[in-house]
Visitor: 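Structure incoming, see below.
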Amino acid sequence: MIVLGIDPGLASTGYGVVVRRGGRALALDGGVIETSSGLPAERRLEHIHARLAALLDEHGCEAVALEQLYFGANVRTAFAVGQARGVCMLAAGQAGLPCFSYTPQQIKSAVCGSGRASKDQVARMVSALLCLDEVPSADHASDALAVAVCHLNAAPLAGALADAMAGAPR
């Protein structure tokens with residue numbers, strides 16, 4: 001399974017493409033899509049959408065995993081992140097791919113074993129789990145790789161539960 005993990009944001013959207021091969025998770029790609037604050041929001045969102053659509057096509061992704069929106073004190077930032085998250089979901093929908101959402105705590109637990117792990121711990125564990133030569137320099141990129149790893153770990157259980165529910169008497 002090839003998963004595109006996304007840490008959405010209007011200024012910086014992190015992405016990570018991860019595949020499971022032979023029981024190991026491997027990173028195929030990762031980075032940050034940056035947009036200029038001088039551009040209108042619609043142009044920034046179009047840029048994010050176009051880059052994600054290209055990544056989905058380039059890597060033959062089978063699923064998209066997103067970090068859920070965290071509502072902090074800054075409502076304006078939350079709206080911008082929500083808009084970026086929406087165009088991420090649109091790119092997945094246009095490609096006919098399912099989207100899965102995970103809370104920051106679920107992601108940290110899947111990667112570090114603790115939902116309270118620091119960003120530095122997440123980055124170091126992502127590097128170790130994916131056998132990267134170095135820790136990703138951008139927080140958004142390591143967070144997106146962590147989202148993809150979280151989905152790879154959760155997908156078998158989710159599939160088994162779905163199969164069990166499909167066969168369960170109603």
Side-chain angles (χ1 to χ4, degrees), residues 1-19 25-108 110-111 117-127 129-130 132 134-152 154-155:
M1 171 181 281
I2 301 173
V3 178
L4 173 61
I6 303 172
D7 178 21
L10 186 59
S12 299
T13 292
Y15 66 90
V17 182
V18 177
V19 63
L26 302 170
L28 300 178
D29 199 352
V32 179
I33 304 164
E34 294 182 345
T35 65
S36 170
S37 62
L39 291 175
E42 63 272 14
R43 298 296 303 153
R44 296 171 82 181
L45 293 168
E46 186 276 330
H47 177 70
I48 294 166
H49 177 271
R51 182 69 180 113
L52 291 175
L55 285 165
L56 291 170
D57 186 52
E58 176 185 344
H59 293 290
C61 298
E62 300 165 73
V64 173
L66 296 132
E67 184 170 341
Q68 278 185 3
L69 183 57
Y70 171 75
F71 281 97
N74 191 336
V75 174
R76 186 173 163 168
T77 300
F79 278 119
V81 172
Q83 290 172 335
R85 195 170 188 280
V87 298
C88 296
M89 295 174 74
L90 175 63
Q94 288 175 327
L97 300 176
C99 279
F100 301 89
S101 294
Y102 299 96
T103 66
Q105 293 77 19
Q106 287 173 311
I107 297 163
K108 291 174 183 180
V111 173
S118 69
K119 285 206 172 278
D120 183 56
Q121 286 174 304
V122 171
R124 285 183 288 135
M125 282 303 296
V126 161
S127 180
L129 290 169
L130 297 175
L132 301 177
E134 56 189 42
V135 175
S137 59
D139 286 343
H140 294 295
S142 63
D143 289 350
L145 288 165
V147 174
V149 169
C150 177
H151 181 69
L152 281 179

Visitor: Compare every heavy atom of Ala53 with every heavy atom of Ala91, then report the nearest pair and how far apart it is.
Guide: CB-N, 4.3 Å
Visitor: Which atom names give the shortest non-hydrogen contact between Val122 and Ala146, and what distance separates them?
Guide: CG1-CB, 3.8 Å
Visitor: If I take atom NE2 from residue His151 and atom CG from residue Leu66, how far apart are they, to the nearest 0.5 angstrom?
Guide: 11.0 Å
Visitor: Is any side-chain heavy atom of Leu10 closer than 4.5 Å to a side-chain heavy atom of Leu45?
Guide: yes
Visitor: Leu39 and side-chain contact (heavy atoms from CB on, under 4.5 Å): which single residue from Arg44, His47, Glu46 fits?
Guide: Arg44
Visitor: From Ser118 OG over to Lys108 NZ, what is the distance, rounded to the nearest 0.5 angstrom?
Guide: 8.0 Å
Visitor: Once you round to the nearest 0.5 Å, how far does SG of Cys150 lie from CG of Asp143?
Guide: 12.0 Å
Visitor: How far does CE of Met89 sit from CG of Leu52, to the nearest 0.5 angstrom?
Guide: 13.0 Å
Visitor: Verify the distance criterion only: is there a donor paired with an acceptor across the side chains of Ser101 and Arg85 at less than 3.5 Å?
Guide: yes
Visitor: What closest approach, in Å, do Pro8 and Val81 show between heavy atoms, and which atom pair accounts for it?
Guide: O-CG1, 3.7 Å
Visitor: Identify the two heavy atoms, one from Thr13 and one from Ala84, that lie closest to each other, and give their separation to 0.1 Å.
Guide: OG1-CB, 4.5 Å
Visitor: Please walk me through it: do Leu145 and Leu132 pass side chain to side chain contact (heavy atoms under 4.5 Å, CB included)?
Guide: CA-CA 11 Å; Leu145 288 165; Leu132 301 177; 4.3 Å; yes
Visitor: Give the intermediate values and the outcome of side chain to side chain contact (heavy atoms under 4.5 Å, CB included) for residues Cys61 and Val17.
Guide: CA-CA 8 Å; Cys61 298; Val17 182; 4.2 Å; yes
Visitor: Check Glu67 against Pro104 and note the closest heavy-atom contact, atom names and distance.
Guide: OE2-CG, 3.3 Å
Visitor: Could you report the tightest heavy-atom contact between Ala65 and Val3, atom names first, then the distance?
Guide: CB-CG1, 4.1 Å
Visitor: Between Leu56, Ile2, Val19, which is the residue that forms a side-chain contact (heavy atoms from CB on, under 4.5 Å) with Glu62?
Guide: Ile2
Visitor: With side chain to side chain contact (heavy atoms under 4.5 Å, CB included) as the test, would you mind laying out the steps for Val135 and Ser142 before giving the verdict?
Guide: CA-CA 8 Å; Val135 175; Ser142 63; 5.8 Å; no
Visitor: Could you measure the distance from the CD atom of Glu42 to the CD atom of Gln83? Nearest 0.5 Å is fine.
Guide: 10.0 Å
Visitor: In Å, rounded to the nearest 0.5 Å, how long is the span from OH of Tyr15 to NE2 of His59?
Guide: 7.5 Å
